[in-house]
S.K.: 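Handing you this structure, nothing more for now.
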Amino acid sequence: MLKIYNSLSREKQTFTPIEAGKVRMYVCGMTVYDFCHLGHARVMVVFDMVSRWFRTSNYDVTYVRNITDIDDKIIKRANENGESIGALTQRFIDFMDEDSAKLGIIRPDIEPRATTYIDDMITMISTLIEKGHAYLASNGDVFYSVRSFANYGKLSGKSLDDLRAGERVEVDTHKKDVMDFVLWKAAKPNEPNWPSPWGNGRPGWHIECSAMSASLLSAHFDIHGGGQDLQFPHHENEIAQSEAAHNCKMANYWMHNGFVRVDDEKMSKSLGNFFTIREVLKKYDAEVVRFFILRAHYRSPLNYSDMHLDDAKASLTRLYTALRGREVSTNIIDWNHPQAARFKEAMDDDFNTPEAMAVLFDLANEVNKTGAVKTATLLKNLGGVVGLLQRDADAFLQGEIISISSSITEGADISVGHIETLSIDDETDVSLLYARDMETIDQLIDLRIEAKKAKNFVEADRIRKELADSGIILEDTPQGTTWRRT
RNA sequence: GGCGCGAUAGCAAAGCGGUUAUGCCGCGGCCUGCAAAGCCGUUUAGACCAGUUCGACUCUGGUUCGCGCCUCCA
C-alpha cells in the first residue's frame, strides 16, 4: 500500500490511481536558458526515483516533464548573447540531457516544449474568458481573475486577502485585482509572438503547464510534482486555470521536493549561491551525487557542501566494496526476503529513500559477513530499483577511463616518484584524473608483490605509500592485491 | 504582517509511545608482515519549559532558534 504525502491535504494518503494500474504524472521541468544546477538535479533525481518505484510496483506510468522554452529570461538571455531563441534553448536542452543522463535519469516518457503547445494554450485561455475567469485588459494582455475562482489558495494555504501583492514588485495597473496573473502577453517589439484572438503575443508561464498536462494526460490526472518553490504561485495558478476551464479536479496528489541549500540558504539563481551540475560532476562521480540526493528524504532540505559529498562518496564506496568481485546476476527481486520487504515498506511510505538506503547497508554487512551471492544479488537489484549500484564495482572504485600513457620509461628507475599529480581546476575534466596510468599501477603492484615475497617490507611499504600519495589505495586480499582510488 | 516547515549524537540522516536505525568520523579488538578492506565491540542523541502517560526523542501546549513562501525560481 503506497502512501504519498499530498501537499494539497498536508498529510500522507494512500495512493489510489484514477485508472487501475496506471499512473499519470506531470512534473514541472526546466526553463532552458542556462545550465542546470543542483536544485534541478534534485527534481530530476527525485521524480526519476518516484517513477521508477511506480514501475517497480507494476504500474503503467506516463511521466511528463515539460520544457519551458519561451519566457522573459530566455528572451533576455538570447538578446544578450545575440543568438536566436531557438538556438539558445536547444543548446541548453542538450546540456540538460547530458547532465540528466549522467545522473542516471530515465528520460520522462514525454518532454513537451511550451512553444509546440501554443494552440492548446490559446484554446484554454478562450475557454477561461468565456467562462468569466479571464479578461482582456486595455493593454492587450489577458489576465486570470483570481477572485473568480473560489478555491484560489487551497494548495498553498494562502488567503487572497492576506497576500501582500505589490510589496516587492510594481503592480500592473491594468489588472482588476493585484493578484491576477497574466495568461497572454501582447506582443512587444523584437519579441517572438504568435497570432491569437487577442492579437499577436505570447503565453504567460502558468498556462503552459495547464495546457500541456491536459493535452498529454487529460484534464484530471494522478500526480503533479515540482520543487517546493513552485507551490505558490505557479501550482496554485495551474489549479485555478485547469479546474476553472475543465470543471474537474486537476491532480489528485501534489508532490513537492525540498530545496537544495548552501549554508542553510536556498540554492537559487537570484541568490547566486548555486552550483551547476556539470561543475559538481567535475569533482564528484555522478552516482555519488545521485546517492547524496537519495540518502535524504525528498521533502527534507538538503545541504550541499564538499564535506557532504565526500561523506556520500565514502558511503557509496562501502556498498560497492561489498559487491566487488562477486558474481552478481540481475534477476527478479524476491520481495518476500525480509530485507526486500523492509525496502518496499520504506519506499511505500512516501518514498522513504533514507530508510531504503539503510536496508542496502544492512545487506552490505551481510554480504561482507557471509559472502552470499544471493544477498549480494539482492543488494545490487534493490539498488537498481532507485538507479544505484548498477556499474561494475571496479569501474566505480577505480574509475572507468583507460590510461593515456605509461609514465614508466624504458630503463628508468621505477622506484622514483613517476606518478605525476594532476592539478584540478575549472578546466580539468574529471576523466583526466581517471586517466592515470592503470598499467603503471599494475606494474607497481607487481613490484611490491616481489618485494613482499623477498620480505623486503621497507620497499613494499614505500611503493604502497607512493601510490597512496597519488590517491591509489592498495588492498591485499587472499585473492591478491586490489586497488581503488580515494 | 499572513501562511507553512523544521530543531535527533562530531557530521549527515530515518523510524518509532517502551526493544541496535543507517552511513561517515573517533576509540578498542580481531584479521594483516604492517596496512587497507572487512568483522566484532564501543563513545557522542533528541533545542528549551511544561503537560498527558505506568513509560516520550516520539503525543499536546508554550518558548527560543533556523528555514521557506507571499516577485522570477526546481
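The chains referred to below are lettered A, B, ... by the order of the sequence lines, with proteins before strands, and numbering in each begins at 1. Note: hydrogens, waters and symmetry copies are ignored here, and every other heavy atom, side chains too, is used. These numbers were taken from a predicted model, which means no experiment stands behind them.
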S.K.: In whole Å, measure the gap between the C1' atoms of rC57(B) and rC72(B) for me.
M.R.: 40 Å
S.K.: If you take any heavy atom closer than 4.0 Å to RNA chain B, which residues from residues 375-387 of chain A end up in contact?
M.R.: none
S.K.: Base, sugar-phosphate, or nothing for Val260(A), non-hydrogen atoms under 4.0 angstrom?
M.R.: base
S.K.: Mind checking Arg10(A) for me? I need base, sugar-phosphate or nothing, with any heavy atom below 4.0 Å counting as a touch.
M.R.: sugar-phosphate
S.K.: Report the distance from atom CD of Glu345(A) to atom CG of Leu2(A), rounding to the nearest 0.5 Å.
M.R.: 12.5 Å
S.K.: Could you please name the partner base of rA13(B), counting Watson-Crick and G-U wobble pairs only when both distances are under 3.5 Å?
M.R.: none
S.K.: Identify the nucleotide, in any strand shown, that forms a Watson-Crick or G-U wobble pair with rC54(B), with both distances under 3.5 Å; if there is none, say none.
M.R.: rG18(B)
S.K.: Would you mind pulling out the nucleotide paired to rU64(B), Watson-Crick or G-U wobble, both distances under 3.5 Å?
M.R.: rA7(B)
S.K.: Counting only Watson-Crick or G-U wobble pairs whose two distances fall under 3.5 Å, which nucleotide matches rU43(B)?
M.R.: none
S.K.: Select from Asp349(A) and Lys158(A) the residue whose nearest nucleotide in RNA chain B is closer to the 5' end of that strand.
M.R.: Asp349(A)
S.K.: Who are the side chain to side chain donor-acceptor pair (under 3.5 Å) partners of Glu208(A), not counting sequence neighbours?
M.R.: Asn66(A), Thr68(A)
S.K.: Suppose we define a pair by two distances each less than 3.5 Å, Watson-Crick or G-U wobble; what does rC69(B) pair with here?
M.R.: rG2(B)
S.K.: Across all strands shown, which nucleotide pairs with rC31(B) by Watson-Crick or G-U wobble geometry, both distances under 3.5 Å?
M.R.: none
S.K.: Taking atom types as modelled, find out whether Ser210(A) and Glu238(A) have a side-chain donor-acceptor pair closer than 3.5 angstrom.
M.R.: no
S.K.: Could you please name the option among rG23(B), rC72(B), rA74(B) that lies closest to any side-chain atom of Phe361(A)?
M.R.: rG23(B)
S.K.: Output the residues of residues 288-312 of chain A in contact with RNA chain B, where contact means a heavy atom of the residue under 4.0 Å from an atom of the strand; sort by number or write none.
M.R.: Arg295(A), Ala296(A), His297(A), Ser300(A), Pro301(A), Met307(A), His308(A), Asp311(A)
S.K.: For rG15(B) versus rU22(B), give the span between their C1' atoms, rounded off to a whole number of Å.
M.R.: 11 Å
S.K.: What distance, rounded to whole Å, do you find between the two C1' atoms, one in rC11(B) and one in rG46(B)?
M.R.: 16 Å
S.K.: Quick one: which of rA74(B), rG68(B), rC72(B) gets closest to the side chain of Glu265(A)?
M.R.: rG68(B)
S.K.: Would you call Asp264(A)-Arg261(A) a salt bridge at under 4.0 Å N-O?
M.R.: yes
S.K.: Would you mind classifying the nucleic acid contact of Lys73(A) as base, sugar-phosphate or nothing, using non-hydrogen atoms under 4.0 angstrom?
M.R.: base
S.K.: In terms of side-chain geometry, is the basic nitrogen of Asp97(A) or Lys102(A) positioned less than 4.0 Å from the acidic oxygen of its partner?
M.R.: no
S.K.: When the C1' atoms of rC5(B) and rA45(B) are considered, how many whole Å apart are they?
M.R.: 22 Å
S.K.: How far, in whole Å, is rA7(B) from rC48(B) if one measures between their P atoms?
M.R.: 13 Å
S.K.: Given rA74(B), rC70(B), rU22(B), which nucleotide is nearest the side-chain atoms of Asp229(A)?
M.R.: rA74(B)
S.K.: Can you tell me how far the CH2 atom of Trp254(A) sits from the CD atom of Glu236(A), to the nearest 0.5 Å?
M.R.: 8.5 Å
S.K.: Starting at the 5' end of nucleotides 28-41 of chain B, put B wherever the base has a protein heavy atom under 4.0 Å, S where only the sugar-phosphate does, and a dash everywhere else.
M.R.: -----BBBBSSSS-
S.K.: Restricting to side chain to side chain donor-acceptor pair (under 3.5 Å), what partner residues turn up for Thr56(A), sequence neighbours left out?
M.R.: none
S.K.: So what does Gly153(A) touch, heavy atoms closer than 4.0 Å: a base, only the sugar-phosphate, or nothing?
M.R.: nothing
S.K.: Can you check the Leu316(A) CG to rU22(B) P distance for me, whole Å?
M.R.: 19 Å
S.K.: Of the nucleotides rA74(B), rG2(B), rC24(B), which has the atom closest to the Lys266(A) side chain?
M.R.: rA74(B)
S.K.: Any donor-acceptor pair under 3.5 Å linking the side-chain atoms of Arg113(A) with those of Gln90(A)?
M.R.: yes
S.K.: Within 45° of the six-membered ring axis of Phe457(A) and under 6.0 Å from that ring's centre, is NZ or CZ of Lys452(A) located there?
M.R.: no
S.K.: Does Arg290(A) pair with Asp285(A) as a salt bridge, N-O distance under 4.0 Å?
M.R.: no
S.K.: Ignoring hydrogens and geometry beyond distance, is the side chain of Lys313(A) in donor-acceptor contact with the base of rC24(B) at under 3.5 Å?
M.R.: no
S.K.: Now, which nucleotide makes the Watson-Crick or G-U wobble pair with rA74(B), with each of the two distances under 3.5 Å?
M.R.: none
S.K.: When the P atoms of rG33(B) and rC16(B) are considered, how many whole Å apart are they?
M.R.: 47 Å
S.K.: Regarding Lys158(A) and Asp162(A), does a basic nitrogen lie under 4.0 Å from an acidic carboxylate oxygen?
M.R.: no
S.K.: Can you list the steps and then say if Tyr33(A) with Phe92(A) is a ring pair (Phe, Tyr, Trp, His ring centres under 6.0 Å)?
M.R.: CA-CA 6 Å; Tyr33(A) 68 100; Phe92(A) 283 106; 7.8 Å; no
S.K.: If the condition is side chain to side chain donor-acceptor pair (under 3.5 Å), which residues does His308(A) pass it with, not counting sequence neighbours?
M.R.: Ser305(A)
S.K.: Provide the distance between the two C1' atoms, one in rU60(B) and one in rU53(B), to the nearest whole Å.
M.R.: 12 Å
